[in-house]
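Residue numbers begin at 1 in each chain, while the letters A, B, ... track the order of the sequences.
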Protein chains: 2
Amino acid sequence: MVKETDNLRQNPPRERPLDALDRKILGALARDASVSYAELGKDVGLSAPAVHERVKRLRRAGAIEKTMAQLNGAAVGKHFLAFVHVESSGWGKTKEVFELGELPEVEEIHSITGDSSLILKVRVENAQAMEGFLWRLYHKTGVRGTHTYVVLNTHMERGVQAEITHELTEGEHVK
Amino acid sequence: MVKETDNLRQNPPRERPLDALDRKILGALARDASVSYAELGKDVGLSAPAVHERVKRLRRAGAIEKTMAQLNGAAVGKHFLAFVHVESSGWGKTKEVFELGELPEVEEIHSITGDSSLILKVRVENAQAMEGFLWRLYHKTGVRGTHTYVVLNTHMERGVQAEITHELTEGEHVK
DNA sequence: TTCATTTGCCGAATGTTGTTCTGCATTTTT
DNA sequence: AAAAATGCAGAACAACATTCGGCAAATGAA
């Protein structure tokens, strides 16, 4: 008789450390996720189903978070980009600032040097909208001060790349 | 007889200012580009071919730059994120810094407040790799100084959103 | 070592989806 | 008012994703 557990794994699948093929696939998909599995397979030297299975695994493992359309800020009417450094007082007070993350204008929120300092990436229509945003920001409790760096020109903007420059960790620069 | 110009437009297609349906489509694709045109059509109230045509137009217009896979930094071995402010001297000297954009660790390069100050978004394996990167950066001519903000925790990170908060420009905060 | 299990892959078959085409109604232009 | 262009829906087609079965290599246990 067939036991109910026959189809279950004894051990959870151990995470594999991303071989060269995985990285090639990730790199290609990070550049353009609209390629077919057949084309992708020819690039890395695999069949379409094989690539498909690897992509599914990379998805499950979280290496691929999602596939999204990259929009042009100006084309959607957002001509004003800035990085806002926020200096907040006390712990746990930054939670209020996080509420601003509900605004579609806020694209990134990072904690830096402790829990009381933040970097925000904000893209708005124009300078007036930026002022409106900063007004909202100032009125959050715990915000002691901000510093806004207005972007005049974006020379490059892309997502996480799969490739790694190993020379950076080789430390050949140490005398 | 059919003239050769019969299939050519007299006037180039005038750019349309993104109606509500376009913005809905862009918003959906920015969140998840793997939806089918049929589903997308049900959301916005159009047929699949109609949505397809709009997406093609949005692509041609540049509103959709590309569709890409969003990778997880830690999953690809990059556990260290930082924003590097670069103070460079003179004009045109920043061109050397742009060469660092060839490194897959550099994700963004923005000019701020003039041509002599930059913000870099850099994601590397670890602190040692960060040191290696900064070493390279320092040896570019024109780099007078840098300030690195190490990210301890990323609370949000997403691409350009299609939605716009019109309250920000209404100026109701002006007394 | 030897056997059993798992893993990763391929080729073929299937189903879903993207894409094109035709026609129609509406809008815009001349 | 006539003519051209636009945007959309339904149907037909082509391409692709996805599943399946089988095989060989790698892995783990005895």
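- Taking both residues in full, the closest heavy atoms of Met156(B) and Val106(A) are given as CE-O, 3.1 Å, listed atom of the first, atom of the second, then distance.
- No side-chain donor-acceptor contact under 3.5 Å links Lys140(B) to the backbone of Ser88(B).
- The closest donor-acceptor contact from the side chain of Lys78(B) to the backbone of Glu163(A) lies under 3.5 Å.
- In this structure, CZ of Arg54(B) is placed 17 Å from P of dG18(C), rounded to the nearest angstrom.
- In summary, the side chains of His85(A) and Ser117(A) do not present any donor paired with an acceptor at a separation below 3.5 Å, with no hydrogens or angles considered.
- Judged as a salt bridge (charged side-chain N to carboxylate O under 4.0 Å, His left out), and not counting sequence neighbours, Arg23(B) has no contacts.
- Residue His52(B) places at least one side-chain N or O closer than 4.0 Å to OP1 or OP2 of dT19(C).
- Proximity of residues 18-48 of chain A to DNA chain D (heavy atom under 4.0 angstrom from any strand atom) is restricted to Val35(A), Ser36(A), Tyr37(A).
- For dT7(C), the OP1/OP2 oxygens have no side-chain nitrogen or oxygen of Arg57(A) closer than 4.0 Å.
- Checked by atom type and distance alone, the side chain of Ser36(A) pairs as donor or acceptor with a backbone atom of Glu39(A) at under 3.5 Å.
- Taking the side chain of Ala50(A) as heavy atoms from C-beta on, and the options dC8(D), dT18(D), dC9(C), the nearest nucleotide is dC9(C).
- A close approach under 4.0 Å does occur between a side-chain nitrogen or oxygen of Lys56(A) and OP1 or OP2 of dT19(D).
- One can place CD of Glu53(B) at 16 Å from P of dG23(C), the figure rounded to the nearest angstrom.
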